[in-house]
Peer 1: 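Here's a structure for you.
Owing to the predicted nature of the structure, the values given are computational and were not obtained by experimental measurement. Each chain gets a letter, A, B and so on, in the order its sequence line appears, and its residues count up from 1.
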Number of protein chains: 2
Amino acid sequence: MSPKHQGTDETVARILTEALRVHAERGHEGFTMKAVIAATGMSSGSLYHHFGSFDGLAAALYARCMADLLDTLLDALDGITDAQEGVEAATRAYLSFTRERSDAARFIHTSAYAAFLPEHAAVIAELKTPRIAKLVAWMVPHVAGGRVARLSPVMMEMLLIGPVAETARRWLSDPSAVDLDEATAVLPPRIWASLQP
Amino acid sequence: MSPKHQGTDETVARILTEALRVHAERGHEGFTMKAVIAATGMSSGSLYHHFGSFDGLAAALYARCMADLLDTLLDALDGITDAQEGVEAATRAYLSFTRERSDAARFIHTSAYAAFLPEHAAVIAELKTPRIAKLVAWMVPHVAGGRVARLSPVMMEMLLIGPVAETARRWLSDPSAVDLDEATAVLPPRIWASLQP
DNA sequence: TGTACATCAGTGAACGCGCGTTCACTGATGTAC
DNA sequence: TGTACATCAGTGAACGCGCGTTCACTGATGTAC
C-alpha cells in the first residue's frame, strides 16, 4: 500500500538479528541501545526511525522470536493426526528449539516478564494470537474425541509447556543443570499422561 | 561469636522487607537503590554497610524469598506419608504461596534469570541446598517403594513444579489470564499422574 | 520530458537524568587493664 | 572504678558513568503536472 523504499524491511530484519546477537553475547544487562548501535553500525536516529524507542525494538524482537517458536511447534504438528504423537512431537520441538535457537529462546524467557508498553504489546499479540489459535484448533478434535481431557485452554497449556518451559529456563541459565537429551526422552510421554481424561 | 550490636539483624530484616515492598509497588524497573533508600529512610552508606552492593541486597532478598517458598512446601509435606497426598499437597502449597505471598513469588520469578555475582550465589545456595535436600529425602522412599517413577531429581522437579511455576508466572504477570482456584483443583492430580512409574 | 516538491531512510553530536557507588565522618556501645 | 581505645551501625554530600532520547540535518528516490 504505502510506498516502501527498497531495503527497509531488510534493514529492520538485520537490526533485529544483530540485536539478538548482542543480547546473547552481552547478556540482558548488556542489551542496550548503545550496544545495538555499535553492533549494527547504524545511527541512533535510524533505530528510532524504525522502532520509535528501545522498548519498541525489544518488543519487535520478542514478537519475532515468539513467532519463530510457535511456528516450530506448528511445523512439528503438521500432518500428525494421532493425539499422543502430536503432543509428544510438540514438546520435543520445544526442547529442540531451545537447544538450536538458544539465542531466541533466551530472549523469550528473559523478556516474558518485562511488561512492554501497551502499544507494543498489541504488535506482539498480532503475531502471537493467530498461531496460538492454530495450536488450539489442532487440539480441539482430540478433546472432542475423548482422547485428551476436557480442560480449559490455559490449564492445557500449563500442563503441556510447564515442564518443558521450566527445563528450557533451567538449561538456559545453566546448561550443566539439566540434560536436554534426557528431557527429550523423559518428558513427552509423561506430559501426555498428565493430559489423559 | 563476633559481638553484634543490638538491632543489626532487625535492621537487615527491615531493609529486606521494605525492599520487597518497593519491588512489588514500583516493579522491577523501579527497584533501585535510591528507591529502597527512600522507602527505608536509611542512608546509602548504611545499605552498603550491610549488603556491600545493590546486587548483594538483591541476592539476600532472593535467598530469603526462596527459603520462604521452600519452607512452605516442606510444611505442606510435614506428617504426610502417602506419596500422592504429598505431591498434591506440595503443588497446592506452591500455588497458595503464589497467591498469598505474591510479592515474594514475584521477586523469585523475576530474579530467577538475573545471574547474581558468584559470591552472592553462594549465599543463596547456602539457604537453598539444605531445603532442597529435605524435599528430595521425602521423595526417596516413595521412589524406592515403586509408587513414584524412578526419575533423576531434575526431571522429577521439572514435572512437579513445571506446571505450577508456569501458572504462577502467568498469574503474576496477568491475574486475569489464569484462575488459581482452577489450577489448584486441576493440576495436582495431573502432576501426580505424570510421575507414575 | 523537465522541473518542483514530498517522502523517508539514515546521520551523529548533544542532552539531561538517574543510576550505583564512594568516603570521610559521627556517635553509641563493647573491651582491656 | 575509671580511662583509653576499638568496633561498628549509620550518615549524606558528591562522584562519574552510561543510559535512552532528541533534533536539525543530508541525500536519494518517488510523485505531480
Peer 1: Applying side chain to side chain donor-acceptor pair (under 3.5 Å), name anything that partners Arg14(B), two or more places apart in sequence or on another chain.
Peer 2: none

Peer 1: Below the 4.0 Å mark, does dC8(D) have OP1 or OP2 next to a side-chain nitrogen or oxygen of Thr8(B)?
Peer 2: no

Peer 1: Phe97(A): which residues meet the ring pair (Phe, Tyr, Trp, His ring centres under 6.0 Å) condition with it, sequence neighbours left out?
Peer 2: none

Peer 1: Would you write out the dot-bracket form of DNA chain C, 5' to 3', with Watson-Crick and G-U pairs under 3.5 Å, [ ] for crossing pairs, | for pairs to other strands and . for unpaired bases?
Peer 2: .||||||||||||||||||||||||||||||||

Peer 1: Among all residues two or more places apart in sequence or in another chain, which pass the salt bridge (Lys or Arg N to Asp or Glu O under 4.0 Å) test with Arg106(B)?
Peer 2: none

Peer 1: Among residues at least two apart in sequence or on other chains, which ones pass side chain to side chain donor-acceptor pair (under 3.5 Å) with Arg92(B)?
Peer 2: none

Peer 1: Sort and list the pairs that fulfil ring-ring contact (aromatic ring centres under 6.0 Å, His included) and have at least one residue in residues 162-195 of chain A, not counting sequence neighbours.
Peer 2: none

Peer 1: Give me the distances for all protein-to-nucleotides 19-21 of chain D N/O pairs that come in under 3.5 Å?
Peer 2:
from: dG20(D); atom 1: OP1; to: Met33(A); atom 2: N; distance (Å): 3.3
from: dG20(D); atom 1: OP2; to: Met33(A); atom 2: N; distance (Å): 2.9
from: dG20(D); atom 1: O6; to: Lys34(A); atom 2: NZ; distance (Å): 3.3
from: dT21(D); atom 1: OP2; to: Tyr48(A); atom 2: OH; distance (Å): 2.5
from: dT21(D); atom 1: OP2; to: Phe54(A); atom 2: N; distance (Å): 2.9
from: dT21(D); atom 1: O5'; to: Tyr48(A); atom 2: OH; distance (Å): 2.8

Peer 1: Closer than 4.0 Å, any side-chain N/O of Ser43(B) to the OP1 or OP2 of dT11(D)?
Peer 2: yes

Peer 1: Starting from C1' on dA13(C), measure out to CE on Met42(A) and report it in whole angstrom.
Peer 2: 17 Å

Peer 1: Under the side chain to side chain contact (heavy atoms under 4.5 Å, CB included) rule, collect the residues that match up with Leu77(B), sequence neighbours excluded.
Peer 2: Ala90(B), Leu135(B), Trp138(B)

Peer 1: List in numerical order all residues of residues 116-123 of chain A for which some heavy atom is under 4.0 Å away from an atom belonging to DNA chain D.
Peer 2: none

Peer 1: Rounded to the Å, how far apart are Phe51(A) CZ and dG10(C) P?
Peer 2: 10 Å

Peer 1: According to salt bridge (charged side-chain N to carboxylate O under 4.0 Å, His left out), does anything in residues 174-195 of chain A pair up with another residue at least two apart or in another chain? List the pairs.
Peer 2: Arg99(A)-Asp181(A)

Peer 1: Taking side chain to side chain contact (heavy atoms under 4.5 Å, CB included) as the test, write out the residues that go with Ala122(A), two or more places apart.
Peer 2: none

Peer 1: Inspect the contact between Asp103(A) and Arg21(A) and indicate whether a charged nitrogen and a carboxylate oxygen are less than 4.0 angstrom apart.
Peer 2: no

Peer 1: Could you tell me which residues satisfy side chain to side chain contact (heavy atoms under 4.5 Å, CB included) with Val123(A), sequence neighbours excluded, listed by chain and number?
Peer 2: none

